[in-house]
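Written out below as structure tokens is the structure these notes cover.
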Amino acid sequence: MEKYKSWLHNLPDDSNLMSEYQKKVEEKTVLESLPLRAVRFYIFTVASAILGELNPEIAIPTSIALSAFNSFILGNINKKWTPNQFIENEYRPLAKKN
């Protein structure tokens with residue numbers, strides 16, 4: 001909630017709240033950009049293929065592990081805060097109770 005309040009406080013007085021909210025939510029980080037995601041996909045796919053050729057017995061578990069690492073570890077690095085996290089996580093459950 002503090003990050004949300006800080007974000008609101010730092011907005012200019014004459015700003016359009018909905019427009020600023022939309023811009024902030026749609027902002028992408030470098031790791032979320034399409035070219036980098038494609039490069040990550042190809043690197044991990046090639047690594048899985050090479051390891052599979054070297055030792056076919058470990059091809060499937062290695063491929064799954066590399067894919068999980070790419071998705072869950074590298075995919076979540078540099079996740080930035082956005083105002084919708086406050087709305088979705090804190091405000092929406094309160095609004096549903098009423």
Side-chain angles (χ1 to χ4, degrees):
M1 183 157 181
E2 292 302 317
K3 287 183 179 182
Y4 184 76
K5 286 181 181 180
S6 175
W7 174 76
L8 280 176
H9 181 70
N10 291 331
L11 288 176
D13 291 337
D14 61 344
S15 65
N16 180 337
L17 182 58
M18 291 305 291
S19 175
E20 294 296 327
Y21 176 86
Q22 193 68 30
K23 277 193 259 181
K24 186 71 174 174
V25 169
E26 291 177 354
E27 223 173 52
K28 298 281 185 199
T29 64
V30 173
L31 290 178
E32 294 173 324
S33 67
L34 186 57
L36 188 57
R37 290 179 74 191
V39 168
R40 281 183 18 216
F41 171 78
Y42 288 118
I43 287 172
F44 284 98
T45 302
V46 168
S48 294
I50 290 171
L51 290 172
E53 289 297 319
L54 293 175
N55 189 347
E57 295 173 355
I58 64 165
I60 292 174
T62 303
S63 178
I64 292 170
L66 286 173
S67 177
F69 176 77
N70 183 26
S71 297
F72 297 114
I73 306 298
L74 293 181
N76 289 324
I77 289 177
N78 201 21
K79 285 283 185 182
K80 65 182 183 335
W81 179 87
T82 57
N84 67 324
Q85 291 171 355
F86 168 74
I87 300 297
E88 295 296 325
N89 297 337
E90 294 185 33
Y91 181 71
R92 187 163 294 207
L94 292 175
K96 285 184 179 180
K97 289 180 183 177
N98 294 332

Partner set under side chain to side chain contact (heavy atoms under 4.5 Å, CB included) for N55, not counting sequence neighbours: E57, I58

Quick one: list whatever passes side chain to side chain contact (heavy atoms under 4.5 Å, CB included) with L11, sequence neighbours left out. W7, L8, S15, L17, E20

S48 (side chain) donor-acceptor with F44 (main chain) under 3.5 angstrom: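 Flag set: sc S48 to bb F44 pair under 3.5 Å.
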
Using only atom types and a distance under 3.5 Å, with no angle test, would you say the side chain of N70 pairs donor to acceptor with the backbone of L66? no

Same hydrophobic cluster for F41 and F69, using side-chain heavy-atom links shorter than 4.5 Å among ILVMFWY? no

Under 4.5 Å side-chain linkage, directly or through intermediates, the cluster mates of I64: I60

